[in-house]
2 protein chains.
Amino acid sequence: MSLDHALLVSLLEKPSSGYELARRFDRSIGYFWHATHQQIYKVLARMEDAGWISGEVQPGEAAPDRKLFSVSRSGRSEVSRWLAEPTEPEGVRDSLMVKMRGAAFGKPGALIPELEHHRALHANRLTAYRVIEARDFSGALDRQRALQYQVLKSGIRFEQGWLEWCEEALGLLHSFDQDQGGNTP
Amino acid sequence: MSLDHALLVSLLEKPSSGYELARRFDRSIGYFWHATHQQIYKVLARMEDAGWISGEVQPGEAAPDRKLFSVSRSGRSEVSRWLAEPTEPEGVRDSLMVKMRGAAFGKPGALIPELEHHRALHANRLTAYRVIEARDFSGALDRQRALQYQVLKSGIRFEQGWLEWCEEALGLLHSFDQDQGGNTP
DNA sequence: AGATACTATGCAACGAGTTGCAGTGCAAGT
DNA sequence: ACTTGCACTGCAACTCGTTGCATAGTATCT
């Protein structure tokens with residue numbers, strides 16, 4: 001469990017409404033911790049009950065009302081507590097890898113469009129990261145920005161890794177297509 | 001949802017009992033799709049009801065009974081169906097990245113032990129992969145092995161990426177420790 | 001006037017996944 | 001004899017997360 005903490009950090013960076021957070025989770029932080037708006041609203045409600053955040057309704061002029069949340073003192077101390085507490089890496093879930101192994105029991109060629117799709121997605125994301133990098137992280141950086149940049153750099157590194165891997169995997173599958181049928185090289 | 005498919009692929013590679021699968025998920029496939037034994041038993045039961053797999057109790061000589069599952073025809077066709085169906089990449093969940101951004105609102109130095117811990121874990125995993133690589137994937141490979149190797153290579157690539165990133169991040173945090181207090185560089 | 005779409009919030013029902021516990025049977029140490 | 005440990009299976013209770021739907025105001029297009 002830790003959407004709580006992702007939201008707290010997000011709110012520390014900038015007090016926001018649920019809707020805003022949901023949008024932010026489609027970019028930025030969401031690249032490292034995804035969540036849907038329903039889940040976000042649920043957790044916000046729970047954290048408000050717990051006193052970690054407080055919400056203030058802002059009557060919208062020419063727009064629906066929005067409830068702006070900010071982190072309370074007890075929310076801040078929860079963040080500190082969590083930062084100090086050791087965390088194990090999350091368990092991986094990568095269906096593409098399972099599919100690769102499954103492909104041995106079906107038509108490996110069927111995975112080619114899938115891999116191309118993934119390659120395109122990762123290429124797009126890499127481009128998006130590069131844009132953010134150029135826009136927000138050139139020049140001198142204060143601590144907060146330096147940390148954010150370090151996080152972004154992990155994104156860049158991994159998307160590059162993905163791209164290279166997709167190329168390699170596509171090469172392998174294409175090589176299967178050529179020597180039809182044979183099961184040994 | 002797709003522990004189902006991970007289990008099916010695992011069972012295609014080798015018919016197994018729930019316990020065996022759980023153990024296998026601590027190595028091998030589990031590096032790409034983790035699961036606990038309780039969840040595995042639950043899904044196995046559901047898939048047996050659905051007719052995708054069939055279990056046969058084997059009275060253990062000098063060992064507890066075990067229920068050996070293998071994939072039925074309808075299970076195989078489910079795998080084929082799933083392989084052909086496009087899948088989006090799983091949403092990422094990486095608490096370390098959230099912590100990095102959160103560190104701006106606490107003591108960044110507190111993350112150093114955490115990063116060292118992660119670095120050690122990734123180094124260990126990389127070593128384990130290298131061992132598997134040398135043991136199982138040197139020499140000529142048939143299709144199945146080639147696919148498995150391609151999956152392993154993604155593991156190697158990512159662990160290396162992690163290691164490099166951890167080094168970089170540790171460098172950054174240590175640089176904070178030196179220029180105490182200042183918030184701009 | 002009506003259709004479409006976006007901002008904004010939320011409920012209800014369900015399914016996936018975790019945590020904790022419980023039990024059997026064998027083997028081996030002490 | 002007693003405990004510890006491992007192979008093996010599973011239930012029960014819970015939390016986390018997803019899917020689908022509901023609502024309501026504003027803006028824009030046709």
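A note on names: the letters A, B, ... follow the listed sequences, proteins ahead of strands, and every chain is numbered from 1. Excluded from the calculations below are hydrogen atoms, water molecules and symmetry mates; all remaining heavy atoms, backbone and side chain alike, are included.
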Round to the nearest Å and state the distance from [X] atom [atom1] to [N] atom [atom2].
X: A:Leu3; N: D:dT18; atom1: CG; atom2: C1'; value: 13 Å
X: B:Leu21; N: D:dA7; atom1: CG; atom2: P; value: 15 Å
X: A:Asp65; N: C:dG10; atom1: CG; atom2: P; value: 11 Å
X: A:Arg24; N: C:dA8; atom1: CZ; atom2: C1'; value: 16 Å
X: B:Glu90; N: D:dT18; atom1: CD; atom2: P; value: 11 Å
X: B:Tyr41; N: D:dA7; atom1: OH; atom2: P; value: 12 Å
X: A:Gln39; N: D:dG20; atom1: CD; atom2: C1'; value: 15 Å
X: A:Leu44; N: C:dA8; atom1: CG; atom2: P; value: 14 Å

### Query
Ring centroid separation for B:Phe25 and B:Tyr31, is it under 6.0 angstrom?
no
### Message
Over all strands shown, is A:Glu20 touching base, sugar-phosphate only, or nothing at heavy-atom distances under 4.0 angstrom?
### Response
nothing
### Query
Contact class for B:Lys67 (heavy atom, under 4.0 Å): base, sugar-phosphate, or nothing?
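B:Lys67: backbone/sugar contact only, no base atoms under 4.0 Å.
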### Query
Around A:Arg73, counting heavy atoms of other residues, nucleotides and ligands shown, do more than 12 lie under 6.0 Å from its CZ?
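Not buried by this count: 12 neighbours or fewer within 6.0 Å.
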### Query
Can the positive tip of B:Lys153 be found less than 6.0 Å from the middle of the six-membered ring of A:Trp165, inside 45° of the ring normal?
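No - B:Lys153 does not lie over the ring of A:Trp165 by the 6.0 Å and 45° rule.
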### Task
Report the residue (B:His37 or A:Gly18) whose heavy-atom-nearest nucleotide on DNA chain C is the more 5′ of the two.
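Upstream on the strand: A:Gly18.
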### Query
Between B:Gln38 and A:Gln38, which has a closest nucleotide on DNA chain D that is more 5'?
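Closer to the 5' end of DNA chain D: B:Gln38.
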### Task
Using the closest heavy atom to pick a nucleotide of DNA chain D for each, name whichever of B:Lys42 or B:Tyr19 lands nearer the 5' end.
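Its nearest nucleotide lies further toward 5', so the answer is B:Tyr19.
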### Query
Does a side-chain N or O from A:Arg23 land closer than 4.0 Å to OP1 or OP2 of C:dA8, or not?
no
### Task
Give a yes/no on whether any side-chain N or O of A:Arg93 is located under 4.0 angstrom from OP1 or OP2 of C:dG17.
yes
#### Entry: Electrostatic pair A:Lys67:A:Glu56 at N-O distance under 4.0 angstrom
no
### Message
Any carboxylate oxygen within less than 4.0 angstrom of a Lys/Arg side-chain nitrogen, looking at A:Glu133 and A:Arg130?
### Response
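Result for this pair is yes, salt bridge flagged.
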#### Entry: B:Arg46 side chain, from C-beta outward: closest of C:dT19, D:dC16, C:dA16
C:dA16
### Query
Looking at D:dT9, C:dT7, D:dT18, which one has an atom nearest to any side-chain atom of B:Ser17?
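My answer, after comparing the listed nucleotides, is D:dT9.
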